[in-house]
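Worksheet: one structure, shown below.
Values below: all heavy atoms of this structure, side chains included; hydrogens, waters and symmetry mates excluded. To find a chain, count down the sequence lines: A is the first, B the second, and so on, and within it residues start at 1. Note that the coordinates shown come from a computational prediction; the quantities given were computed from them, not determined experimentally.
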Amino acid sequence: MNTQTAYRTHTCGELRLKDAGKHVKLVGWARRVRVLGGVVFVDLWDRYGITQVVFNQQWDKDLYEQAREIDREFVIQVEGEVRERENKNPNIPTGDIEIKAASFKILSKSKVPPFIIEEHTDGGEDLRAKYRYLDLRRPPMQRNLIFRHRLLQFTRNWLSEKGFLELETPFLIKSTPEGARDFVVPSRLYPGHFFALPQSPQLFKQLFMISGFDKYFQIVRCFRDEDLRADRQPEFTQIDCEMSFVDQQDVMNTFEQFVADAFKSLLDYELEPFERMPYEEAMNKYGTDKPDTRFGILITDITKDVKGFGFKVFDTSEYVGALPVPDGSSITRKMWDHWEEYIKRVADVPGFFYVTWKDELKAKGPIIKILGEETVKELFNKSKVGPGDALIIMAGPWEKIVSALGTLRLHIAKELNLIPKDRFKALFVVDFPLLSWNEEENHWEPNHHPFTAPKESDIPILDTNPGKVKAKAYDLVINGVEIAGGSIRIHNQSLQQKIFDLLGLSKEEAYQKFGFFLEALQYGTPPHGGIAFGFDRLTAIMLGEETIRSVIAFPKNKSGRDPMLDAPAPISEEQLKELHIKIIEP
RNA sequence: GGCCCGGUAGUUCAGCAGGUUAGAAUGUCGGCUUGUCAGGCCGAAGGUCGCGGGUUCGAAUCCCGUCCGGGCCGCCA
């Protein structure tokens with residue numbers, strides 16, 4: 001790599017002892033200036049590293065006096081000789097040498113930065129967001145964005161080599177009422193009409209398959225106007241893929257290889273083969289459709305074991321589940337109260353019981369009295385725990401209880417430090433139900449999207465028992481984070497019509513919404529399917545970052561604002577007029 | 001839309017069972033210091049305690065409202 005320019009002969013990261021004696025020119029930011037009487041040290045930083053520059057009164061009195069004026073984050077250019085240090089710094093790669101400055105120039109001064117621009121900053125999140133460009137000057141942020149670049153390049157190369165074509169799709173498209181709320185762009189040429197920004201290029205990539213491109217990918221920005229989370233931004237990046245003439249296994253195998261290769265190539269980490277876990281198993285054992293399988297502690301169904309003891313809560317509940325807590329007998333009462341308070345706050349569960357087993361069984365509530373010690377010990381046994389441990393028991397509707405236990409499982413594991421760091425566990429969750437029943441609107445809804453194919457074996461029960469139909473859909477989960485999701489699509493028109501019927505979409509409505517697409521389906525649609533990765537999430541998880549904001553150069557904050565730009569913002573009367581828009585104050 | 005946490009010096013925080021002049025660290029500014037690398041030492045400046053209202057003789061501290069930031073639930077086909 002050639003880094004030599006009109007301003008420099010070397011970067012701040014490349015000089016070593018072997019370069020001693022060379023006359024060099026460096027540019028960079030003065031990261032730290034140490035003024036001692038008679039000698040000035042400047043740590044000169046650029047994205048390649050840090051090189052120490054020295055000014056000495058004895059060498060050049062004037063130059064030394066001028067150097068005292070250098071301040072933090074000034075951009076300076078230094079000319080001088082590389083020499084071996086008197087006191088070496090083993091902590092940095094260039095620590096054996098320094099630049100004996102012969103001359104220097106301040107190219108650009110800096111105001112005092114609002115926070116320390118170092119590995120560990122003292123700045124809070126909102127301040128760093130406002131001065132994002134300064135935060136990005138910090139080594140951790142530089143590393144993150146450089147890693148993101150490498151993952152992008154890796155993805156492009158890997159997919160291209162496998163025959164995928166990078167094809168682009170439009171950003172100004174049509175709003176559809178399904179799914180997430182659309183971001184919308186007013187049309188100047190068509191008063192009262194709006195474009196929408198894509199939530200994903202879903203239908204376009206299917207059209208590419210109909211066009212015969214066979215393998216498509218795109219690293220593409222998607223837009224969803226929903227509330228934010230640590231792992232959710234209103235605009236985010238997908239690795240969007242689609243393949244023709246494939247079934248589930250083909251897609252999963254291809255992208256298992258992709259992810260494994262990415263981890264190997266970028267992190268030198270060997271992922272274990274990805275488990276394929278049915279949705280039902282994920283829910284029953286982990287209480288979620290995105291299980292974190294890095295640690296044990298599995299939910300156990302004890303419904304049958306606790307019925308018939310005359311305890312109303314158990315006898316009348318659809319489901320009773322148990323969650324083991326290893327070493328739970330030494331947990332303080334305060335901690336238990338905290339967990340109970342936590343789960344009641346986030347999950348709205350009716351009953352929360354726990355039993356600890358130290359020398360003897362102890363319970364909060366009447367559990368032992370009702371079930372008897374023997375039965376309780378059997379429950380421990382069934383949950384694969386015993387003396388020294390504890391058991392949490394909750395009763396109620398299956399889905400509610402199982403998710404509450406799953407939420408607690410994660411919460412407790414975090415607080416007890418049971419989750420191994422520096423470990424990655426990837427799996428595919430499969431066999432999702434195709435549809436779920438919408439109580440309020442009284443019709444079936446697609447769990448994934450309305451073009452997802454059902455499993456062939458379940459097609460016969462589409463009419464009789466739609467809730468039991470499984471989809472050819474799959475989610476890739478790493479460390480409990482949903483990283484990718486996809487499905488095999490319907491390529492058969494009558495099947496597609498049947499699904500629309502189930503969803504309560506009339507022919508007219510369906511045509512109004514996806515007319516172009518339904519039309520396209522009639523011109524020779526190949527069997528096809530695909531997957532889309534949350535690229536920001538993948539990057540974040542590979543880097544061990546808690547939020548995707550850390551891997552996005554200029555993210556929105558929690559309230560969906562850009563605190564640096566101060567956007568969104570009002571526009572002028574003229575702009576509004578041109579767009580034929582009148583503001584209705586809320 | 002709901003719940004939780006936070007907002008005090010440039011910055012990160014302490015102070016908050018109401019009571020003297022609101023503190024620390026760090027940064028900033030000034031001085032001294034020739035081998036530092038989170039340089040050291042001495043000194044100084046620096047505050048609308050987010051904002052508005054209320055309770056009180058008295059509010060950073062208690063109450064209500066509001067704004068801002070973060071986490072979660074809802075939402076995210």
Side-chain angles (χ1 to χ4, degrees), chain A residues 31-45 50-59 61 64 68 71-72 83 85-92 94-95 98 100 111-131 176-182 199-200 202-203 222-234 236 338 341-348 403-404 407 410-411 414 432 434-436 438 444-452 471 473 482 485 487 499 503 505 513-514 534 546-547 549 556-561 563 566:
Chain A
R31 179 87 347 139
R32 223 162 203 145
V33 185
R34 292 177 291 278
V35 180
L36 284 68
V39 61
V40 176
F41 297 100
V42 176
D43 287 341
L44 198 64
W45 174 91
I50 286 183
T51 298
Q52 177 168 284
V53 180
V54 203
F55 300 85
N56 194 313
Q57 198 171 25
Q58 288 176 348
W59 304 332
K61 184 108 206 269
Y64 161 82
R68 290 183 67 116
D71 221 330
R72 273 163 55 205
R83 58 178 228 145
R85 285 205 200 181
E86 285 173 32
N87 298 315
K88 295 181 177 168
N89 182 351
N91 300 320
I92 57 174
T94 63
E98 65 192 1
K100 178 180 177 181
K111 287 167 72 169
V112 175
F115 50 85
I116 300 175
I117 301 177
E118 299 266 343
E119 182 79 24
H120 298 288
T121 181
D122 62 347
E125 262 214 70
D126 43 338
L127 196 69
R128 281 158 52 211
K130 189 175 169 196
Y131 297 93
T176 54
E178 276 77 23
R181 217 171 279 121
D182 283 319
Q199 300 174 18
S200 83
Q202 181 61 37
L203 294 179
C222 302
F223 306 87
R224 293 180 188 175
D225 188 7
E226 296 292 348
D227 288 355
L228 290 79
R229 288 284 189 286
D231 62 353
R232 264 166 37 190
Q233 284 271 305
F236 61 99
H338 157 73
E341 185 268 335
Y342 168 80
I343 198 60
K344 288 197 163 153
R345 182 154 50 82
V346 301
D348 172 40
S403 341
T407 305
L410 281 178
H411 187 75
K414 263 177 214 156
F432 285 88
L434 183 72
L435 306 162
S436 48
N438 183 323
W444 292 96
E445 280 183 342
N447 272 327
H448 189 53
H449 59 58
F451 315 105
T452 302
E482 186 191 328
S487 65
I499 298 292
L503 300 180
L505 262 185
K513 284 171 183 168
F514 325 103
E546 295 286 328
T547 115
R549 288 193 298 272
K556 306 283 181 285
N557 71 8
K558 188 67 204 314
S559 326
R561 297 188 61 82
D566 199 20

Filtered N/O pairs between nucleotides 11-13 of chain B and protein, under 3.5 Å:
from: B:rU11; atom 1: O2'; to: A:D122; atom 2: O; distance (Å): 2.9
from: B:rU11; atom 1: O2'; to: A:D122; atom 2: OD2; distance (Å): 3.2
from: B:rU12; atom 1: OP1; to: A:G124; atom 2: N; distance (Å): 3.0
from: B:rU12; atom 1: O4'; to: A:D122; atom 2: O; distance (Å): 3.3

When you get a sec, tell me which of [options] is the closest nucleotide to the side chain of [X]?
| X | options | result |
| --- | --- | --- |
| A:F41 | B:rC72, B:rG69, B:rU36 | B:rU36 |
| A:R561 | B:rG69, B:rG35, B:rU28 | B:rG69 |
| A:E226 | B:rG71, B:rU36, B:rC76 | B:rC76 |
| A:V35 | B:rU36, B:rG71, B:rU33 | B:rU33 |
| A:A180 | B:rC76, B:rU34, B:rU36 | B:rC76 |
| A:K558 | B:rG70, B:rG35, B:rU34 | B:rG70 |
| A:N87 | B:rG1, B:rG39, B:rG35 | B:rG35 |
| A:R68 | B:rU33, B:rG74, B:rU34 | B:rU33 |
| A:R229 | B:rG35, B:rC73, B:rU28 | B:rC73 |

Can you tell me, in whole Å, how much space there is between the [atom1] of [N] and that of [M]?
| N | M | atom1 | value |
| --- | --- | --- | --- |
| B:rC62 | B:rU56 | C1' | 10 Å |
| B:rG6 | B:rC13 | P | 12 Å |
| B:rA59 | B:rG53 | P | 13 Å |
| B:rU11 | B:rG27 | P | 15 Å |
| B:rU34 | B:rC41 | P | 16 Å |
| B:rG65 | B:rG1 | P | 16 Å |
| B:rG15 | B:rU61 | P | 15 Å |
| B:rA14 | B:rC72 | P | 22 Å |

Worksheet item: Under 3.5 Å, side chain of A:E98 to main-chain N/O of A:V54, donor-acceptor pair present?
Response: no
Within the 4.0 Å heavy-atom criterion, would you say [X] contacts the bases, only the backbone, or no part of the nucleic acid?
| X | value |
| --- | --- |
| A:E118 | nothing |
| A:N56 | base |
| A:P563 | nothing |
| A:D71 | sugar-phosphate |
| A:Q52 | base |
| A:N91 | nothing |

With a 3.5 Å limit on both atom pairs, tell me what [N] is paired to, counting Watson-Crick and G-U wobble, or say none.
| N | value |
| --- | --- |
| B:rG52 | B:rC64 |
| B:rG47 | none |
| B:rG35 | none |
| B:rU11 | B:rA25 |

Discussion item. Tell me whether A:R34 is salt-bridged to A:D43, with the criterion being a basic N under 4.0 Å from an acidic carboxylate O.
Written reply: yes
Worksheet item: B:rG40 phosphate, OP1 or OP2: any side-chain N/O from A:R34 under 4.0 angstrom?
Response: no
Worksheet item: When you check the phosphate oxygens OP1 and OP2 of B:rC68, does a side-chain N or O of A:S559 lie under 4.0 Å from one of them?
Response: no
Worksheet item: Could you go step by step and tell me if A:E226 and A:R229 meet the salt bridge (charged side-chain N to carboxylate O under 4.0 Å, His left out) rule?
Response: CA-CA 10 Å; A:E226 296 292 348; A:R229 288 284 189 286; over 6 Å; no
Worksheet item: Where does the angle between the aromatic ring planes of A:H411 and A:H338 fall among parallel (under 30°), tilted (30 to 60°) and perpendicular (over 60°)?
Response: tilted
Worksheet item: Side chains of A:Q52 and A:T94: closer than 4.5 Å at any heavy-atom pair?
Response: no
